[in-house]
Amino acid sequence: MIHREQLEKDDHQYLWHPFTQMQTWLQEQPLIIERAEGSYLIDADGRRYIDGVSSLWVNVHGHQRKELNQAITEQLQKVAHSTFLGLTHPAGIELAKKLAHLAPTGLTRVFFSDTGAAAVEIALKMAFQYWQQGSVQRPRKTKFLYLQNGYHGDTVGAMSVGGIESFHEKYRPLLFPTVKAPSAYCYRCYLGKTYPSCAVACLNDVERALTEHADELAAIIMEPVIQGAAGMIAFPPQYTRLIWELAKRNDVLFIADEVATGFGRTGKMFACEQEGITPDLMTVGKGLTGGYLPLAATFATEDIFRAFLGRVGDGHTLYHGHTYTGNPLACAVALANLQIFENEQTLQQLETKIHFLKEGLARFWSLKHVGDVRQAGFIVGIELVQDKTTKEPYQAGELVGHRVIMDARKRGVIIRPLSDVIVLMPPLSISLDELKALLDAVYDSIKAITEL
Ligand SMILES: *Cc1c(COP(=O)(O)O)cnc(C)c1O
(Lines give C-alpha, C1' and ligand atoms only; values in the text may rest on other atoms or scores of the structure.)
Protein backbone atom coordinates (compact mmCIF):
# COMPACT_ATOMS: atom_id res chain seq x y z
CA MET A 1 0.00 0.00 0.00
CA ILE A 2 1.19 3.51 -0.74
CA HIS A 3 2.23 5.32 2.38
CA ARG A 4 -0.23 7.85 3.83
CA GLU A 5 2.30 10.70 3.71
CA GLN A 6 2.94 10.00 0.02
CA LEU A 7 -0.80 10.06 -0.72
CA GLU A 8 -1.20 13.37 1.10
CA LYS A 9 1.66 14.84 -0.86
CA ASP A 10 0.32 13.56 -4.19
CA ASP A 11 -3.17 14.85 -3.43
CA HIS A 12 -1.73 18.29 -2.85
CA GLN A 13 0.36 18.05 -5.97
CA TYR A 14 -2.09 16.62 -8.52
CA LEU A 15 -5.70 17.23 -7.49
CA TRP A 16 -8.25 19.98 -7.80
CA HIS A 17 -11.19 19.29 -5.46
CA PRO A 18 -14.83 20.31 -6.09
CA PHE A 19 -16.30 23.37 -4.34
CA THR A 20 -12.95 23.85 -2.62
CA GLN A 21 -10.75 26.87 -2.14
CA MET A 22 -7.56 25.04 -2.98
CA GLN A 23 -5.34 27.57 -1.25
CA THR A 24 -6.93 26.61 2.08
CA TRP A 25 -6.92 22.93 1.13
CA LEU A 26 -3.19 22.99 0.46
CA GLN A 27 -2.57 24.30 3.97
CA GLU A 28 -4.51 21.53 5.67
CA GLN A 29 -3.73 17.88 6.11
CA PRO A 30 -6.22 16.00 3.89
CA LEU A 31 -8.26 13.25 5.51
CA ILE A 32 -7.96 10.10 3.43
CA ILE A 33 -10.90 7.70 3.63
CA GLU A 34 -9.78 4.24 2.76
CA ARG A 35 -12.69 2.01 3.74
CA ALA A 36 -16.17 2.12 5.17
CA GLU A 37 -18.71 -0.16 6.80
CA GLY A 38 -22.25 0.43 7.98
CA SER A 39 -22.57 4.00 9.24
CA TYR A 40 -18.79 4.45 9.52
CA LEU A 41 -16.02 5.84 7.34
CA ILE A 42 -12.52 4.58 8.14
CA ASP A 43 -9.39 6.59 7.43
CA ALA A 44 -5.91 5.51 6.34
CA ASP A 45 -4.88 5.15 9.99
CA GLY A 46 -7.86 2.96 10.83
CA ARG A 47 -9.77 5.70 12.69
CA ARG A 48 -13.57 5.38 12.48
CA TYR A 49 -16.01 8.25 11.92
CA ILE A 50 -19.80 8.30 11.76
CA ASP A 51 -20.78 9.26 8.20
CA GLY A 52 -23.02 12.13 9.35
CA VAL A 53 -23.93 13.37 5.86
CA SER A 54 -24.16 10.01 4.08
CA SER A 55 -21.11 10.76 1.91
CA LEU A 56 -22.78 13.89 0.60
CA TRP A 57 -26.42 12.81 0.90
CA VAL A 58 -26.17 9.60 -1.12
CA ASN A 59 -25.79 6.65 1.22
CA VAL A 60 -29.04 4.96 2.23
CA HIS A 61 -28.58 1.49 3.74
CA GLY A 62 -25.00 1.84 4.98
CA HIS A 63 -21.59 1.13 3.47
CA GLN A 64 -20.45 -2.34 2.40
CA ARG A 65 -23.96 -3.78 2.20
CA LYS A 66 -23.62 -7.41 1.17
CA GLU A 67 -26.67 -7.28 -1.11
CA LEU A 68 -25.42 -4.18 -2.91
CA ASN A 69 -21.87 -5.46 -3.30
CA GLN A 70 -23.30 -8.71 -4.61
CA ALA A 71 -25.60 -7.01 -7.12
CA ILE A 72 -22.58 -5.31 -8.68
CA THR A 73 -20.46 -8.46 -8.73
CA GLU A 74 -23.27 -10.45 -10.32
CA GLN A 75 -23.83 -7.83 -13.00
CA LEU A 76 -20.09 -7.72 -13.55
CA GLN A 77 -20.15 -11.42 -14.50
CA LYS A 78 -22.56 -10.49 -17.32
CA VAL A 79 -21.59 -7.07 -18.71
CA ALA A 80 -20.14 -3.93 -17.13
CA HIS A 81 -21.41 -1.58 -19.80
CA SER A 82 -23.48 -1.76 -22.97
CA THR A 83 -25.02 1.31 -24.57
CA PHE A 84 -28.63 2.43 -24.19
CA LEU A 85 -28.49 4.14 -27.58
CA GLY A 86 -30.09 1.65 -29.96
CA LEU A 87 -29.86 -1.23 -27.49
CA THR A 88 -31.34 -2.11 -24.12
CA HIS A 89 -30.57 -4.44 -21.20
CA PRO A 90 -32.38 -6.30 -18.39
CA ALA A 91 -31.10 -4.24 -15.41
CA GLY A 92 -32.20 -0.96 -17.01
CA ILE A 93 -35.60 -2.33 -18.03
CA GLU A 94 -36.34 -3.80 -14.62
CA LEU A 95 -35.19 -0.67 -12.83
CA ALA A 96 -37.36 1.62 -14.98
CA LYS A 97 -40.38 -0.59 -14.31
CA LYS A 98 -39.78 -0.56 -10.58
CA LEU A 99 -39.19 3.20 -10.48
CA ALA A 100 -42.32 3.94 -12.52
CA HIS A 101 -44.35 1.94 -9.99
CA LEU A 102 -42.77 3.73 -7.02
CA ALA A 103 -43.05 7.27 -8.41
CA PRO A 104 -46.07 9.50 -7.82
CA THR A 105 -48.97 8.25 -9.97
CA GLY A 106 -48.83 9.62 -13.49
CA LEU A 107 -45.05 9.63 -13.86
CA THR A 108 -44.80 6.73 -16.26
CA ARG A 109 -41.55 7.28 -18.18
CA VAL A 110 -37.97 7.08 -16.96
CA PHE A 111 -34.98 8.65 -18.74
CA PHE A 112 -31.61 7.69 -17.27
CA SER A 113 -28.52 9.84 -16.88
CA ASP A 114 -25.58 9.90 -14.50
CA THR A 115 -25.76 12.98 -12.27
CA GLY A 116 -28.45 15.11 -10.71
CA ALA A 117 -27.38 18.09 -12.80
CA ALA A 118 -27.80 16.07 -15.99
CA ALA A 119 -31.25 14.89 -14.85
CA VAL A 120 -32.19 18.56 -14.41
CA GLU A 121 -30.83 19.56 -17.84
CA ILE A 122 -32.93 16.79 -19.34
CA ALA A 123 -36.08 17.91 -17.52
CA LEU A 124 -35.51 21.48 -18.77
CA LYS A 125 -35.04 20.31 -22.36
CA MET A 126 -38.14 18.09 -22.16
CA ALA A 127 -40.26 20.97 -20.82
CA PHE A 128 -38.93 23.40 -23.42
CA GLN A 129 -39.41 21.04 -26.37
CA TYR A 130 -42.84 19.91 -25.14
CA TRP A 131 -44.33 23.33 -25.80
CA GLN A 132 -42.62 23.54 -29.21
CA GLN A 133 -44.23 20.38 -30.56
CA GLY A 134 -46.90 19.01 -28.19
CA SER A 135 -50.58 18.68 -28.98
CA VAL A 136 -51.03 22.17 -27.51
CA GLN A 137 -48.25 24.07 -29.26
CA ARG A 138 -47.27 27.21 -27.39
CA PRO A 139 -43.91 28.12 -28.94
CA ARG A 140 -43.62 31.30 -26.87
CA LYS A 141 -43.34 29.26 -23.69
CA THR A 142 -39.56 29.05 -23.51
CA LYS A 143 -38.61 30.38 -20.10
CA PHE A 144 -38.25 28.88 -16.64
CA LEU A 145 -39.33 30.16 -13.25
CA TYR A 146 -37.06 29.29 -10.34
CA LEU A 147 -37.01 30.08 -6.66
CA GLN A 148 -34.57 32.11 -4.66
CA ASN A 149 -32.23 29.76 -2.78
CA GLY A 150 -33.01 26.88 -5.12
CA TYR A 151 -30.22 24.52 -6.15
CA HIS A 152 -30.32 22.19 -9.13
CA GLY A 153 -26.69 21.42 -9.98
CA ASP A 154 -23.62 23.05 -11.49
CA THR A 155 -23.92 22.63 -15.25
CA VAL A 156 -24.86 25.73 -17.22
CA GLY A 157 -28.56 24.95 -17.63
CA ALA A 158 -28.94 23.84 -14.02
CA MET A 159 -27.13 26.99 -12.87
CA SER A 160 -29.48 29.12 -14.96
CA VAL A 161 -32.30 28.04 -12.65
CA GLY A 162 -30.10 28.20 -9.57
CA GLY A 163 -30.95 30.70 -6.86
CA ILE A 164 -27.91 30.63 -4.58
CA GLU A 165 -26.14 33.93 -5.02
CA SER A 166 -22.67 32.79 -3.96
CA PHE A 167 -22.67 29.82 -6.38
CA HIS A 168 -24.47 31.28 -9.36
CA GLU A 169 -24.02 35.06 -9.64
CA LYS A 170 -20.45 34.78 -10.94
CA TYR A 171 -21.67 32.87 -13.98
CA ARG A 172 -24.84 34.90 -14.62
CA PRO A 173 -23.60 36.33 -17.97
CA LEU A 174 -23.31 32.75 -19.25
CA LEU A 175 -26.82 31.71 -18.25
CA PHE A 176 -30.07 31.75 -20.21
CA PRO A 177 -32.80 34.23 -19.27
CA THR A 178 -35.18 33.12 -16.55
CA VAL A 179 -37.82 34.46 -14.16
CA LYS A 180 -37.04 34.38 -10.45
CA ALA A 181 -39.43 34.40 -7.52
CA PRO A 182 -38.64 34.84 -3.83
CA SER A 183 -39.18 31.77 -1.67
CA ALA A 184 -40.12 30.93 1.90
CA TYR A 185 -37.22 31.10 4.34
CA CYS A 186 -39.18 31.46 7.54
CA TYR A 187 -36.22 32.08 9.84
CA ARG A 188 -35.20 35.05 7.71
CA CYS A 189 -38.54 36.08 6.22
CA TYR A 190 -38.01 38.81 3.61
CA LEU A 191 -41.47 40.16 4.46
CA GLY A 192 -40.60 40.32 8.15
CA LYS A 193 -43.54 38.06 9.01
CA THR A 194 -43.89 34.99 11.22
CA TYR A 195 -45.39 31.61 10.32
CA PRO A 196 -48.25 30.68 10.71
CA SER A 197 -49.76 34.11 11.34
CA CYS A 198 -48.29 35.22 7.97
CA ALA A 199 -50.69 32.84 6.16
CA VAL A 200 -47.72 32.18 3.85
CA ALA A 201 -48.02 35.66 2.34
CA CYS A 202 -44.80 35.11 0.33
CA LEU A 203 -46.78 32.84 -1.98
CA ASN A 204 -48.39 35.95 -3.42
CA ASP A 205 -45.06 36.88 -4.99
CA VAL A 206 -44.69 33.43 -6.53
CA GLU A 207 -48.24 33.71 -7.85
CA ARG A 208 -47.55 37.16 -9.29
CA ALA A 209 -44.43 35.92 -11.11
CA LEU A 210 -46.32 32.89 -12.44
CA THR A 211 -49.37 34.74 -13.68
CA GLU A 212 -47.45 37.69 -15.10
CA HIS A 213 -45.17 35.43 -17.13
CA ALA A 214 -47.50 32.47 -17.76
CA ASP A 215 -47.45 33.04 -21.53
CA GLU A 216 -43.70 32.69 -21.73
CA LEU A 217 -43.09 30.10 -19.01
CA ALA A 218 -42.40 26.51 -20.03
CA ALA A 219 -42.04 25.32 -16.44
CA ILE A 220 -41.30 26.12 -12.85
CA ILE A 221 -38.57 24.12 -11.13
CA MET A 222 -38.25 23.69 -7.38
CA GLU A 223 -37.05 21.37 -4.67
CA PRO A 224 -40.19 20.02 -2.97
CA VAL A 225 -40.58 20.38 0.82
CA ILE A 226 -37.02 21.51 1.58
CA GLN A 227 -34.28 23.45 -0.21
CA GLY A 228 -31.06 21.54 0.35
CA ALA A 229 -27.85 23.23 -0.75
CA ALA A 230 -28.99 26.70 0.35
CA GLY A 231 -28.89 25.49 3.97
CA MET A 232 -31.66 22.93 4.52
CA ILE A 233 -34.47 25.46 4.34
CA ALA A 234 -37.70 23.61 5.14
CA PHE A 235 -40.85 25.07 3.61
CA PRO A 236 -44.08 25.46 5.56
CA PRO A 237 -46.53 22.55 5.08
CA GLN A 238 -48.51 22.69 1.81
CA TYR A 239 -46.17 25.33 0.36
CA THR A 240 -45.00 23.00 -2.40
CA ARG A 241 -48.56 21.87 -3.07
CA LEU A 242 -49.83 25.44 -3.37
CA ILE A 243 -47.12 26.31 -5.90
CA TRP A 244 -47.94 23.12 -7.83
CA GLU A 245 -51.61 24.20 -7.92
CA LEU A 246 -50.65 27.68 -9.12
CA ALA A 247 -48.52 26.17 -11.89
CA LYS A 248 -51.35 23.89 -12.99
CA ARG A 249 -53.85 26.75 -13.04
CA ASN A 250 -51.50 28.83 -15.19
CA ASP A 251 -50.56 26.11 -17.69
CA VAL A 252 -46.96 25.99 -16.54
CA LEU A 253 -45.26 22.60 -16.17
CA PHE A 254 -44.07 21.70 -12.67
CA ILE A 255 -40.61 20.15 -12.32
CA ALA A 256 -39.93 18.63 -8.91
CA ASP A 257 -36.20 18.28 -8.26
CA GLU A 258 -36.02 15.33 -5.86
CA VAL A 259 -32.31 14.70 -6.34
CA ALA A 260 -31.75 15.33 -2.61
CA THR A 261 -35.18 14.46 -1.19
CA GLY A 262 -35.83 11.22 -3.08
CA PHE A 263 -35.49 7.70 -1.71
CA GLY A 264 -36.78 8.15 1.79
CA ARG A 265 -34.93 11.25 2.96
CA THR A 266 -38.02 13.11 4.12
CA GLY A 267 -39.69 9.99 5.51
CA LYS A 268 -41.64 9.08 2.35
CA MET A 269 -40.12 7.54 -0.77
CA PHE A 270 -40.47 10.93 -2.50
CA ALA A 271 -41.10 14.33 -0.94
CA CYS A 272 -43.95 14.96 -3.43
CA GLU A 273 -45.92 12.30 -1.51
CA GLN A 274 -45.78 14.51 1.59
CA GLU A 275 -47.89 17.02 -0.31
CA GLY A 276 -49.94 14.59 -2.40
CA ILE A 277 -48.78 15.97 -5.73
CA THR A 278 -47.72 14.53 -9.07
CA PRO A 279 -45.28 16.77 -10.89
CA ASP A 280 -45.09 16.81 -14.70
CA LEU A 281 -41.39 16.07 -14.54
CA MET A 282 -39.31 14.79 -11.63
CA THR A 283 -35.58 14.38 -11.21
CA VAL A 284 -33.80 11.92 -8.91
CA GLY A 285 -30.15 11.08 -8.30
CA LYS A 286 -28.17 10.97 -5.06
CA GLY A 287 -29.84 8.05 -3.17
CA LEU A 288 -30.90 6.11 -6.26
CA THR A 289 -28.04 3.59 -6.07
CA GLY A 290 -27.86 3.64 -2.28
CA GLY A 291 -24.70 5.71 -2.56
CA TYR A 292 -22.79 3.22 -4.68
CA LEU A 293 -22.55 4.43 -8.28
CA PRO A 294 -23.46 7.59 -10.20
CA LEU A 295 -26.95 7.22 -11.65
CA ALA A 296 -29.80 9.69 -12.04
CA ALA A 297 -33.18 9.73 -13.73
CA THR A 298 -35.77 12.14 -15.10
CA PHE A 299 -39.41 11.03 -14.83
CA ALA A 300 -42.05 12.30 -17.26
CA THR A 301 -45.79 11.91 -17.65
CA GLU A 302 -47.22 10.00 -20.59
CA ASP A 303 -48.57 13.31 -21.96
CA ILE A 304 -45.08 14.79 -22.16
CA PHE A 305 -43.66 11.55 -23.55
CA ARG A 306 -46.27 11.46 -26.33
CA ALA A 307 -45.37 14.96 -27.51
CA PHE A 308 -42.01 13.54 -28.59
CA LEU A 309 -43.45 10.81 -30.84
CA GLY A 310 -43.29 11.24 -34.59
CA ARG A 311 -41.38 10.12 -37.65
CA VAL A 312 -37.61 10.01 -37.75
CA GLY A 313 -36.45 13.27 -39.25
CA ASP A 314 -39.40 15.43 -38.19
CA GLY A 315 -37.40 16.78 -35.28
CA HIS A 316 -39.62 15.49 -32.48
CA THR A 317 -36.92 13.28 -30.99
CA LEU A 318 -35.39 14.22 -27.66
CA TYR A 319 -31.82 14.91 -28.73
CA HIS A 320 -30.12 14.02 -25.52
CA GLY A 321 -28.02 11.18 -24.20
CA HIS A 322 -24.85 10.40 -22.35
CA THR A 323 -22.22 7.80 -23.16
CA TYR A 324 -22.89 6.00 -19.90
CA THR A 325 -26.68 6.48 -19.89
CA GLY A 326 -28.28 3.56 -18.04
CA ASN A 327 -25.01 1.90 -17.08
CA PRO A 328 -25.88 -1.72 -16.18
CA LEU A 329 -23.74 -1.87 -13.03
CA ALA A 330 -25.42 1.27 -11.70
CA CYS A 331 -28.90 -0.02 -12.64
CA ALA A 332 -28.21 -3.37 -10.97
CA VAL A 333 -27.17 -1.78 -7.69
CA ALA A 334 -30.12 0.64 -7.83
CA LEU A 335 -32.47 -2.34 -8.14
CA ALA A 336 -30.83 -3.99 -5.12
CA ASN A 337 -31.12 -0.69 -3.23
CA LEU A 338 -34.89 -0.61 -3.85
CA GLN A 339 -35.13 -4.28 -2.90
CA ILE A 340 -33.68 -3.50 0.54
CA PHE A 341 -36.34 -0.80 1.03
CA GLU A 342 -38.91 -3.58 0.55
CA ASN A 343 -37.18 -6.36 2.46
CA GLU A 344 -36.34 -4.28 5.51
CA GLN A 345 -39.32 -1.94 5.43
CA THR A 346 -36.84 0.90 5.60
CA LEU A 347 -39.47 3.64 5.58
CA GLN A 348 -41.45 2.12 8.46
CA GLN A 349 -38.23 1.65 10.45
CA LEU A 350 -37.34 5.24 9.76
CA GLU A 351 -40.36 6.72 11.57
CA THR A 352 -38.94 5.95 15.02
CA LYS A 353 -35.55 7.33 14.03
CA ILE A 354 -37.04 10.57 12.69
CA HIS A 355 -38.85 11.00 15.98
CA PHE A 356 -35.70 10.23 17.97
CA LEU A 357 -33.78 12.75 15.89
CA LYS A 358 -36.42 15.40 16.51
CA GLU A 359 -36.28 14.86 20.26
CA GLY A 360 -32.47 14.80 20.22
CA LEU A 361 -32.39 18.14 18.42
CA ALA A 362 -34.59 19.88 21.00
CA ARG A 363 -31.67 20.74 23.31
CA PHE A 364 -29.74 22.42 20.48
CA TRP A 365 -32.16 25.36 20.64
CA SER A 366 -30.69 26.44 23.97
CA LEU A 367 -27.15 26.72 22.62
CA LYS A 368 -26.08 30.34 22.64
CA HIS A 369 -25.32 30.56 18.92
CA VAL A 370 -27.92 28.25 17.44
CA GLY A 371 -30.45 30.48 15.71
CA ASP A 372 -32.59 27.90 13.97
CA VAL A 373 -32.98 24.13 13.87
CA ARG A 374 -34.74 22.79 10.76
CA GLN A 375 -35.75 19.22 10.06
CA ALA A 376 -37.57 17.40 7.31
CA GLY A 377 -37.43 13.70 8.09
CA PHE A 378 -33.79 12.65 7.99
CA ILE A 379 -32.55 16.04 6.77
CA VAL A 380 -31.36 18.51 9.40
CA GLY A 381 -29.95 22.04 9.21
CA ILE A 382 -28.69 23.84 12.32
CA GLU A 383 -28.12 27.53 11.57
CA LEU A 384 -25.39 29.18 13.64
CA VAL A 385 -25.54 32.92 14.23
CA GLN A 386 -23.38 35.55 15.84
CA ASP A 387 -26.33 37.00 17.72
CA LYS A 388 -29.45 35.03 18.45
CA THR A 389 -31.66 38.05 19.17
CA THR A 390 -30.86 39.98 15.99
CA LYS A 391 -30.13 36.83 13.90
CA GLU A 392 -26.90 38.55 12.86
CA PRO A 393 -24.84 36.00 10.89
CA TYR A 394 -21.15 35.36 11.48
CA GLN A 395 -18.64 37.04 9.17
CA ALA A 396 -17.92 34.64 6.28
CA GLY A 397 -14.20 34.87 7.03
CA GLU A 398 -14.68 33.40 10.50
CA LEU A 399 -15.43 30.01 8.93
CA VAL A 400 -17.50 29.01 11.94
CA GLY A 401 -19.27 26.15 10.14
CA HIS A 402 -15.96 24.81 8.90
CA ARG A 403 -14.41 25.02 12.36
CA VAL A 404 -17.33 23.13 13.90
CA ILE A 405 -17.05 20.26 11.43
CA MET A 406 -13.27 20.07 11.90
CA ASP A 407 -13.84 19.83 15.65
CA ALA A 408 -16.45 17.12 15.08
CA ARG A 409 -13.81 15.05 13.29
CA LYS A 410 -11.83 14.87 16.51
CA ARG A 411 -14.97 13.48 18.11
CA GLY A 412 -15.35 10.78 15.45
CA VAL A 413 -17.92 12.38 13.19
CA ILE A 414 -17.70 13.47 9.57
CA ILE A 415 -20.12 16.17 8.48
CA ARG A 416 -19.99 19.00 5.94
CA PRO A 417 -21.59 22.38 6.54
CA LEU A 418 -23.37 24.74 4.14
CA SER A 419 -21.71 28.00 5.20
CA ASP A 420 -22.73 28.30 8.85
CA VAL A 421 -25.53 25.76 8.65
CA ILE A 422 -24.46 22.47 10.19
CA VAL A 423 -26.00 19.65 8.17
CA LEU A 424 -26.95 16.24 9.51
CA MET A 425 -28.06 13.70 6.95
CA PRO A 426 -27.08 10.24 8.21
CA PRO A 427 -27.72 6.99 6.33
CA LEU A 428 -31.34 5.82 6.81
CA SER A 429 -29.86 2.60 8.22
CA ILE A 430 -28.13 4.32 11.16
CA SER A 431 -28.92 2.78 14.56
CA LEU A 432 -30.40 4.78 17.43
CA ASP A 433 -27.13 4.42 19.38
CA GLU A 434 -25.13 5.77 16.45
CA LEU A 435 -27.63 8.57 15.98
CA LYS A 436 -27.24 9.52 19.63
CA ALA A 437 -23.44 9.50 19.29
CA LEU A 438 -23.73 11.75 16.22
CA LEU A 439 -26.00 14.22 18.01
CA ASP A 440 -23.79 14.29 21.13
CA ALA A 441 -20.62 14.94 19.13
CA VAL A 442 -22.19 17.70 17.06
CA TYR A 443 -23.69 19.34 20.13
CA ASP A 444 -20.31 19.32 21.86
CA SER A 445 -18.54 20.67 18.77
CA ILE A 446 -20.97 23.56 18.33
CA LYS A 447 -20.61 24.41 22.00
CA ALA A 448 -16.82 24.12 21.94
CA ILE A 449 -16.37 26.35 18.89
CA THR A 450 -19.08 28.98 19.45
CA GLU A 451 -18.91 29.31 23.23
CA LEU A 452 -15.12 29.45 23.55
C1 LIG B 1 -27.16 17.55 -5.48
C2 LIG B 1 -28.31 18.14 -6.19
C3 LIG B 1 -28.31 18.29 -7.58
C4 LIG B 1 -27.11 17.99 -8.43
O5 LIG B 1 -26.78 16.64 -8.43
P6 LIG B 1 -25.30 16.20 -8.92
O7 LIG B 1 -25.36 14.71 -8.93
O8 LIG B 1 -24.36 16.75 -7.90
O9 LIG B 1 -25.11 16.79 -10.25
C10 LIG B 1 -29.45 18.77 -8.18
N11 LIG B 1 -30.54 19.10 -7.45
C12 LIG B 1 -30.57 18.97 -6.12
C13 LIG B 1 -31.81 19.33 -5.38
C14 LIG B 1 -29.45 18.51 -5.43
O15 LIG B 1 -29.46 18.42 -4.10
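Counting convention: from 1, in listed order, for ligands and their atoms alike. The first residue of the sequence shown is numbered 1, and numbering continues consecutively from there.
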Practice item. Could you find the nearest protein heavy atom to atom 1 (C) of ligand 1 and give me its residue, atom name and distance? Key: Lys286 NZ, 1.5 Å
Review point. Is any side-chain N of the basic residue among Arg409 and Asp407 closer than 4.0 Å to the acidic one's carboxylate O?
Key: no
Point to revise | Lys141 versus Gln132, side-chain donor and acceptor atoms under 3.5 Å | key: no
Review point. Which ligand 1 atoms, with their elements, are less than 4.0 angstrom from a heavy-atom of Thr115?
Key: 7 (O), 9 (O)
Point to revise | Salt bridge Glu258-Arg265, side-chain N to carboxylate O under 4.0 Å | key: no
**Study point:** Gly153: numbered ligand 1 atoms lying under 4.0 Å from its heavy atoms
**Key:** 4 (C), 10 (C)
Practice item. Could you list the atoms of ligand 1 found under 4.0 angstrom from a heavy atom of Glu223? Key: 13 (C)
Review point. Given the protein's heavy atoms, is any one of them under 4.0 Å from atom 5 (O) of ligand 1?
Key: yes
Review point. Under 4.0 Å from any heavy atom of Trp57, which atoms of ligand 1 are there?
Key: 15 (O)
Check your understanding: Between Arg35 and Asp43, does at least one N-O distance fall below 4.0 Å, as a salt bridge requires?
Key -> no
Check your understanding: Does any donor atom in the side chain of Ser183 or Gln148 lie under 3.5 Å from an acceptor atom in the other side chain?
Key -> no
Practice item. Report the relative orientation of the aromatic rings in His89 and Phe84; use parallel for angles under 30°, tilted for 30 to 60°, perpendicular for over 60°. Key: tilted
**Study point:** Protein heavy-atom partner closest to atom 11 (N) of ligand 1 - residue, atom, separation in Å
**Key:** Asp257 OD2, 2.6 Å
Practice item. Check ligand 1 against Ala117 and write out every atom of the ligand that is under 4.0 Å from a heavy-atom position of the residue. Key: 4 (C), 5 (O), 6 (P), 9 (O)
Check your understanding: Are the charged groups of Lys170 and Glu165 less than 4.0 angstrom apart, N to O?
Key -> no
Review point. Looking at Gly116, which atoms of ligand 1 are within less than 4.0 Å of one of its heavy atoms?
Key: 4 (C), 5 (O), 6 (P), 7 (O), 9 (O)
